[in-house]
Amino acid sequence: MAISRVDLLQGTLDVLILKALSWGPQHGHAVARLIHASTDGAFDVLDGSLYAALHRMEKRGWVDAEWALSDKGKRAKFYRLTTPGRAQLRAESATWKQYASAVSKLLNATTQPV
Amino acid sequence: MTIGPGWRRLFRLRGARRWIARDVDDELAFHMSMREEKLRSQGLSPDDARTSARTRFGDPLRIRDECVAIDSRYAQEMRLMEWLTSVGADLRYALRTLRRTPAFTAVVVLTLALGIGATSAIFTLVNGILLRPLPYPQPDRLVRLIQSYPERGLTGWGVSPQNIALYRDRGTDFEAFSAYRDGGMTLSDASGAQRLTVARVTADFFRVMGVSPVIGRPFTRAEDTPETHDVAVISHALWESHFGSDPGIVGRTIDLDGQPVRVLGVMPAGFGFPSPEIKAWMAMGLDPNRRFGWINVGVGRLRPGVSVAHAERQTTAIMWDWARGEAEASGTVGVDPSRTHMKTIVTPLHEAITGRTSRPLKTLLGAVFLILLIATANVATLLSSRAAAREREISVRAALGASRSRVVRQLITESVTLGLIGGLLGTLLAFLLVRTLTHSTAISLPRLGEVAVDTRVLGVTLVLSLVSGVVFGLLPAVHATRTRLAAALSSGQRGSGHQFVRRANSSLVVAQLALAIVLLVSAGLMLESFRKLMSVDLGFRTDDLTTISLRLSPRINSAGALNAFVQTALAEVRAVPGVRSAALGWTVPFEGNANVDGYLIDGRATPSTGNEDQIAQIGVSPGYFSSLGIPLLYGRDFLASDDTTGLPVALVDELLAKRYWKGTEAIGKRIRVGGDTTWFTIVGVVGNVRDLDAASPPGPHLYNSLPQVGGNPLSLVIKTPSDPRGTIASVRRAIASIDPSIPLDDLRSVSSFIDRSLDTRRLTETLLAAFAVLAVVLAAVGVYGVMALSVANRYREFGIRLAVGAAPNALVRLVLGEGARLALIGVAIGVAGGLVAMRYIASQLYQVSATDPLIYAVLSLLLVAIALGACYLPARRAAASDPLLALRGE
């Protein structure tokens with residue numbers, strides 16, 4: 001199922017990035033690839049928005065940035081999840097799951113509720 | 001592989017936009033290259049790959065700018081946080097250090113508090129009196145107008161009703177013009193009789209001042225005519241105290257001097273022009289045809305854009321016109337505008353009110369600034385001595401990695417903290433001082449009621465605290481940067497840093513002594529000047545003299561009754577036990593109620609100006625001269641027979657007599673006062689009196705017998721023993737027995753009048769003396785501190801000297817000698833500086849030379865002696881050095 005480019009809400013993008021980083025520090029390009037891969041290409045984020053979000057999250061203290069060498073030997077900026085970032089990820093995930101389950105419940109209802 | 005934390009810190013510290021932009025560019029470039037590579041590996045051509053990558057990115061430039069903006073803000077916040085944290089750490093450390101040495105901190109804070117507090121207090125005075133504009137709308141357009149006719153000896157002369165009307169009607173430079181005079185009136189009602197200061201003003205007064213009553217309304221020109229002028233506006237204070245803030249006062253009639261006066265309104269609280277004691281403003285009853293009575297002061301509001309000089313020229317022209325009219329009417333020669341010096345004097349109102357205090361206040365400000373300098377120098381000395389002791393601590397910190405600038409910042413934080421604490425205490429001190437000054441009844445500075453510590457003063461105080469904190473912190477901070485690490489860490493070595501500190505301290509002490517001498521000398525000169533003023537022979541005796549003001553009812557004031565009253569009253573009062581002598585008169589010297597007018601001498605050709613000169617005319621009873629101790633030189637005093645039935649007689653003073661006659665020739669000559677046609681025959685000559693200003697030479701006086709010239713109110717002057725209260729009560733009863741309706745007010749000792757006239761001088765010299773004492777104390781403390789430190793640092797040297805056989809006394813002499821050297825240098829510089837500075841206050845000195853060698857010599861010796869005294873204790877300590885301890889080293 002390919003959903004063409006969807007305008008994602010800012011918060012959604014943030015939680016996707018946080019999740020992507022939860023598996024370990026990545027640079028921006030890798031985060032983009034991870035998101036694309038994990039959602040089977042459903043969410044196609046504009047690269048620029050990703051970087052803006054990363055910088056914003058660094059300012060808010062959810063991620064830390066550090067220059068390091070990539071596996072190809074090039075100098076890149078790596079982002080790492082911080083403790084507050086992890087907490088934010090947990091909170092956002094919980095909210096999403098609640099939201100999703102609530103919507104599913106309604107959509108799966110066979111009879112009209114009283 | 002990550003690069004160490006140093007890089008991260010670098011990134012954060014190097015928050016310059018340049019670096020941030022470069023980082024963002026690098027990051028985005030990396031992404032782009034990765035993306036392109038990926039696309040190329042999928043089979044696109046390099047160009048297509050690039051285009052596709054760019055498209056997938058979005059708007060690269062916008063994103064780049066957005067990221068740079070986010071990062072810059074982030075970096076800024078980080079910098080601020082870091083800075084605040086380190087400043088906070090510095091502050092906490094500073095407070096801890098200060099708390100560890102409470103005595104030292106207390107001394108420093110106290111010294112600063114005194115210096116800053118005194119400066120703030122005086123600046124509050126200067127601000128409230130000289131700097132702040134008057135509290136009326138557009139106050140810079142208000143001016144005072146008086147007249148001057150130097151050829152006739154009239155340098156500051158009031159305006160008559162005719163003058164007022166002319167300036168008002170023809171003075172196009174004025175938006176509004178009015179005039180006022182003040183005097184006393186009695187308010188009588190059910191609760192009794194009370195004497196009030198009442199100003200008589202014309203109807204335009206309220207328009208000129210720009211202030212209207214808060215309730216009710218001002219009076220109009222129609223209500224200010226010669227026929228009807230029984231209207232007034234009362235002050236807020238009177239409304240509260242006497243009428244219980246009752247709004248029904250508007251329209252009510254009150255009794256002033258026996259006349260019914262309708263109250264039309266109440267002025268706002270705090271309105272006090274021409275003086276804060278005025279309780280009511282009553283219509284003058286302006287009569288444009290009345291030429292006499294040059295006793296009013298003109299006040300006007302200039303039109304926008306009109307200069308004071310222009311208004312002066314215009315009103316002078318009006319004055320000449322008037323004089324020409326006068327001359328034609330009286331057949332005398334008029335004024336020649338091209339050669340006369342007759343003119344109006346128009347002064348901005350602010351200057352008219354505060355002008356005379358300008359120099360004294362500025363002198364005080366200069367003096368208190370010297371105190372501040374001395375205090376700052378003192379604290380600098382103290383701090384630098386302590387810094388020398390903390391050398392080790394500073395070196396350790398430097399060894400542990402603190403940069404020089406960081407250490408300096410720490411020290412400056414300490415000193416600024418001290419400065420701020422001292423400034424805070426100083427502000428409290430200033431509050432107290434200002435409160436004392438403004439609530440003191442002994443001081444009569446103009447606008448004193450408006451003086452208060454306001455934001456400008458607080459701002460100045462804050463700036464002073466910060467600046468002085470930085471200034472005296474510089475010395476130890478500079479010393480700290482010159483500390484050599486190794487030398488300081490190894491004990492027993494005293495490097496060149498110490499020598500620098502010692503020299504700096506010595507210079508500071510010399511500076512303190514110099515400043516102290518300047519203050520001492522100025523205080524000494526002022527004191528001497530004041531003393532001379534107080535001992536000026538005024539021409540009359542003031543000891544044990546009390547004066548009471550009597551307001552006679554119109555019934556008594558009629559011709560025949562007055563004589564009877566004078567005789568009876570004096571007889572009754574003199575009969576009171578304790579009254580050594582008593583007399584009545586229009587005024588006593590320094591009270592200022594004499595009638596000033598021109599006069600003519602019988603037998604001399606009438607001068608072209610119409611009058612010989614100005615003279616002060618006073619109506620008196622027999623016994624006036626003996627009560628006041630004015631010597632009778634020739635002829636006789638007044639007698640009871642000098643009444644309406646007898647020949648009009650007069651006494652003149654020696655000044656007048658000598659002008660026209662020799663010796664006793666004055667007796668029998670006749671004199672006449674302008675505006676009166678009666679010729680008075682001179683029957684006696686008395687001594688001169690100074691009755692307005694102790695510093696000015698006396699003016700001529702003419703004395704008349706009371707029944708022949710009338711007079712109301714009268715001053716009863718009595719000579720009593722030291723504590724007059726019991727006697728006064730009996731005197732009141734005696735007067736009441738003659739006429740119970742006479743209110744007896746304004747009970748004052750004659751000397752208090754004179755004291756009032758010297759008020760500003762007294763304030764100046766008292767404060768200067770206090771500052772001088774403070775300066776000497778501070779300088780002495782400074783000398784002690786420097787000497788003590790010097791001795792402490794040289795105990796090894798002294799120990800060795802003692803060990804090789806020097807007598808302890810020799811050491812004492814050594815130290816004292818060094819102290820004396822400092823003191824002499826300081827005093828010499830101070831005297832030189834003083835000679836220059838004294839030229840500024842020379843104008844305020846009375847018969848004292850600004851370079852009086854005796855005062856300089858005495859005070860210099862005094863200061864040197866005090867400085868030596870301060871060296872005494874350290875000298876003793878030097879002599880008591882333990883040679884063994886010193887030789888052992890450490």
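Chain A is the first sequence line, chain B the second, and so forth, proteins listed ahead of strands; every chain is numbered from 1.
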Nearest-0.5 Å distance that lies between atom CD in Glu58(A) and atom CG in Asp71(B):
6.0 Å
Spell out the residues in residues 25-33 of chain B that have some non-hydrogen atom less than 4.5 Å away from a non-hydrogen atom of chain A, in order of number; otherwise answer 'none'.
Asp26(B), Glu27(B), Leu28(B), Phe30(B), His31(B), Ser33(B)
Name the region of Arg62(B), side chain, backbone, both or neither, that has any atom closer than 4.5 Å to a heavy atom of chain A.
neither
Do other residues, nucleotides or ligands put more than 12 heavy atoms under 6.0 Å from Trp23(A) CH2?
yes
Would you mind checking which part of Ala32(A) comes under 4.5 Å of any heavy atom in chain B, side chain (CB onward), backbone (N, CA, C, O), both or neither?
side chain
Distance (rounded to the nearest 0.5 Å) between His55(A) NE2 and Glu66(B) CD
10.0 Å
On a heavy-atom basis, which atom in Thr55(B) and which in Leu46(A) lie closest, and how many Å separate them?
O-CD2, 3.9 Å
Chain A contact residues among residues 39-52 of chain B, heavy-atom distance under 4.5 Å:
none
Apply side-chain contact (heavy atoms from CB on, under 4.5 Å) to Trp67(A) and Asp23(B), showing your working.
CA-CA 9 Å; Trp67(A) 282 93; Asp23(B) 271 350; 3.6 Å; yes
So which atom in Met34(B) and which in Lys72(A) form the shortest heavy-atom distance, rounded to 0.1 Å?
CE-NZ, 4.4 Å
Reported SG-to-NZ distance for the pair Cys67(B) and Lys59(A), which is rounded to 0.5 angstrom
12.0 Å
Calculate, to the nearest 0.5 Å, the distance between atoms CD1 and CG belonging to Ile63(B) and Asp47(A) respectively.
9.5 Å
